[in-house]
**Student:** 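I have a structure I would like to understand better, so I am pasting it below and will then ask my questions one at a time.
The analysis underlying the following values was restricted to heavy atoms, covering all of them including side chains, and did not include hydrogens, waters or symmetry mates.
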Amino acid sequence: MNTIKNHYRVVAAVVCQNGKILTVRKGKTRFAYTSGKWEFPGGKVEAGETEPEALRRELKEELDIEVKIERHLMTVDYEYPDFSIALSTYCCTTDSLAPNLREHTAFHWLKPSELHELDWADADKAIVQFILNNPLFA
């Protein structure tokens, strides 16, 4: 049976503060392969939104934080078993060190060298590798 997967435009923030990066853990999702995984915060881009607008909205809704978007880092195209995403990632800063978790179950501020210790969502693994190999995050 040939089924067409849904494809989503998604944004994520690599939020940096004091040499550390914000990571968040997903709660239970529809799919076992994404439930409880760590990710960089963000979400889907809605119709009519720019990526920066979507990122600011998602971070306000999910974590109650405001960010300053510095620059686009990379875009990851990833195929999960049931859907695919184009994940545009932005480097951001914030003054909010204690996010208010509305959809996630935990957060950590980690040094770049500590990121590999978490169980990441598959699409976010490429972002972790980018950070670990980029002197800007050393």
Side-chain angles (χ1 to χ4, degrees):
M1 183 167 124
N2 191 6
T3 59
I4 297 173
K5 293 182 188 179
N6 286 331
H7 179 76
Y8 302 101
R9 281 181 54 218
V10 183
V11 288
V14 175
V15 182
C16 300
Q17 187 65 273
N18 301 323
K20 295 189 175 181
I21 297 172
L22 179 63
T23 63
V24 292
R25 187 173 59 206
K26 288 176 164 284
K28 185 165 176 47
T29 69
R30 283 181 14 184
F31 306 110
Y33 53 83
T34 59
S35 289
K37 299 288 185 173
W38 288 86
E39 66 179 357
F40 296 99
K44 292 179 191 160
V45 178
E46 302 291 343
E49 277 184 319
T50 66
E51 289 179 350
E53 288 169 343
L55 191 57
R56 285 188 190 93
R57 176 185 52 76
E58 287 284 350
L59 294 176
K60 187 68 177 162
E61 288 175 2
E62 293 182 358
L63 302 172
D64 196 24
I65 65 172
E66 309 252 347
V67 296
K68 179 181 178 193
I69 298 173
E70 303 285 340
R71 67 188 171 282
H72 179 260
L73 284 180
M74 66 184 300
T75 298
V76 176
D77 292 307
Y78 194 83
E79 295 253 350
Y80 283 103
D82 299 284
F83 61 96
S84 64
I85 63 172
L87 176 59
S88 293
T89 309
Y90 290 83
C91 188
C92 304
T93 57
T94 186
D95 293 327
S96 306
L97 297 180
N100 178 14
L101 300 178
R102 295 180 173 156
E103 295 186 19
H104 297 88
T105 60
F107 75 93
H108 290 303
W109 286 98
L110 298 176
K111 295 177 191 170
S113 62
E114 298 170 319
L115 294 174
H116 72 280
E117 298 171 10
L118 300 179
D119 184 15
W120 287 93
D122 287 340
D124 290 68
K125 289 177 182 177
I127 303 164
V128 171
Q129 283 306 309
F130 178 86
I131 290 168
L132 292 175
N133 294 320
N134 192 315
L136 291 174
F137 294 99

**Student:** Is it true that a side-chain atom of Trp120 and a backbone atom of Ile127 form a donor plus acceptor pair closer than 3.5 Å?
**Tutor:** no
**Student:** What closest approach, in Å, do Ser96 and Ile65 show between heavy atoms, and which atom pair accounts for it?
**Tutor:** CB-CG2, 3.4 Å
**Student:** Are Val76 and Val14 joined in one hydrophobic group, where the rule is that I, L, V, M, F, W and Y side chains link up if heavy atoms are under 4.5 Å apart?
**Tutor:** yes
**Student:** Tell me which pairs pass side-chain hydrogen bond (donor to acceptor under 3.5 Å, both in side chains) where either residue lies in residues 126-135, with sequence neighbours left out.
**Tutor:** none
**Student:** Please report the interatomic distance CZ(Arg9) to CD1(Ile85), rounded to the nearest 0.5 Å.
**Tutor:** 12.5 Å
**Student:** Taking only residues two or more places apart in sequence or in another chain, which ones pass side-chain contact (heavy atoms from CB on, under 4.5 Å) with His108?
**Tutor:** Thr23, Trp38, Leu110, Leu118
**Student:** Can Phe137 and Ile21 be said to form a side chain to side chain contact (heavy atoms under 4.5 Å, CB included), step by step?
**Tutor:** CA-CA 9 Å; Phe137 294 99; Ile21 297 172; 4.0 Å; yes
**Student:** Under the ring pair (Phe, Tyr, Trp, His ring centres under 6.0 Å) test, which residues partner Tyr90, sequence neighbours left out?
**Tutor:** His72
**Student:** For Glu103, give me all partners under side chain to side chain donor-acceptor pair (under 3.5 Å), at least two apart in sequence or on another chain.
**Tutor:** none
**Student:** Go through the steps to decide whether Asp82 and Lys5 satisfy the test side chain to side chain contact (heavy atoms under 4.5 Å, CB included), and finish with yes or no.
**Tutor:** CA-CA 6 Å; Asp82 299 284; Lys5 293 182 188 179; over 6 Å; no
**Student:** Atom CZ of Arg56 and atom CD of Glu61: how far apart are they, to the nearest 0.5 Å?
**Tutor:** 14.0 Å
**Student:** Flag yes if more than 12 heavy atoms outside Asp95 fall under 6.0 Å of its CG atom; otherwise flag no.
**Tutor:** no
**Student:** Val15 and Leu132: same hydrophobic cluster, using ILVMFWY side-chain contacts below 4.5 Å?
**Tutor:** no
**Student:** Mind listing the closest non-hydrogen atom pair of Glu46 and Glu49 along with its distance?
**Tutor:** N-OE1, 2.8 Å
**Student:** Quick one: do Leu101 and Leu63 satisfy side chain to side chain contact (heavy atoms under 4.5 Å, CB included)? Show the steps, please.
**Tutor:** CA-CA 5 Å; Leu101 300 178; Leu63 302 172; 3.6 Å; yes
**Student:** How far does CD of Glu114 sit from NZ of Lys20, to the nearest 0.5 angstrom?
**Tutor:** 6.0 Å
**Student:** Do you know which two heavy atoms are closest between Leu87 and Ala12, and how far apart they sit?
**Tutor:** CD1-CB, 3.6 Å
**Student:** Got a sec, which pairs hit salt bridge (Lys or Arg N to Asp or Glu O under 4.0 Å) with one end in residues 125-138, sequence neighbours left out?
**Tutor:** Asp122-Lys125
**Student:** Hey, what do you get for OG1 (Thr105) to CZ (Arg25), rounding to the nearest 0.5 Å?
**Tutor:** 3.5 Å
**Student:** Kindly say whether Thr29 contributes a backbone atom to a donor-acceptor pair with the side chain of Ser35 at under 3.5 angstrom?
**Tutor:** yes
**Student:** Are Val11 and Tyr78 grouped together when hydrophobic residues (ILVMFWY) are joined by side-chain heavy atoms under 4.5 angstrom apart?
**Tutor:** no
**Student:** Looking at every non-hydrogen atom in both residues, tell me the closest pair between Ile69 and Cys92 and how far apart they are.
**Tutor:** CG1-SG, 3.8 Å
**Student:** For Trp109 and Cys16, which heavy atoms make the closest approach, and how far apart are they?
**Tutor:** CZ3-C, 4.3 Å
**Student:** Is the side chain of Thr50 donor-acceptor paired with the backbone N or O of Glu53 at a distance under 3.5 Å, no angle test?
**Tutor:** yes
**Student:** Using 0.5 Å steps for rounding, measure from the CG atom of Leu73 to the CZ atom of Arg71.
**Tutor:** 6.0 Å
**Student:** Starting at OG1 of Thr34, measure out to NZ of Lys28 and round the result to the nearest 0.5 Å.
**Tutor:** 9.5 Å
**Student:** Evaluate the side-chain proximity of Val24 to Lys26: yes if any heavy-atom separation is below 4.5 Å, no if none is.
**Tutor:** no
**Student:** List the steps and the verdict of ring-ring contact (aromatic ring centres under 6.0 Å, His included) for Tyr80 and Phe31.
**Tutor:** CA-CA 10 Å; Tyr80 283 103; Phe31 306 110; 8.3 Å; no
**Student:** How close do Leu22 and Pro99 get, counting heavy atoms only, and between which atoms?
**Tutor:** CD1-CG, 4.1 Å
**Student:** Using a 3.5 Å distance criterion without hydrogens, assess whether the side chain of Arg102 forms a donor-acceptor pair with backbone atoms of Lys60.
**Tutor:** yes
**Student:** Mind checking side chain to side chain donor-acceptor pair (under 3.5 Å) for Glu58 and listing every partner two or more places apart, or none if nothing turns up?
**Tutor:** none
**Student:** Between Asp124 (side chain only) and Phe40 (backbone N and O only), is there a donor and an acceptor less than 3.5 Å apart?
**Tutor:** yes
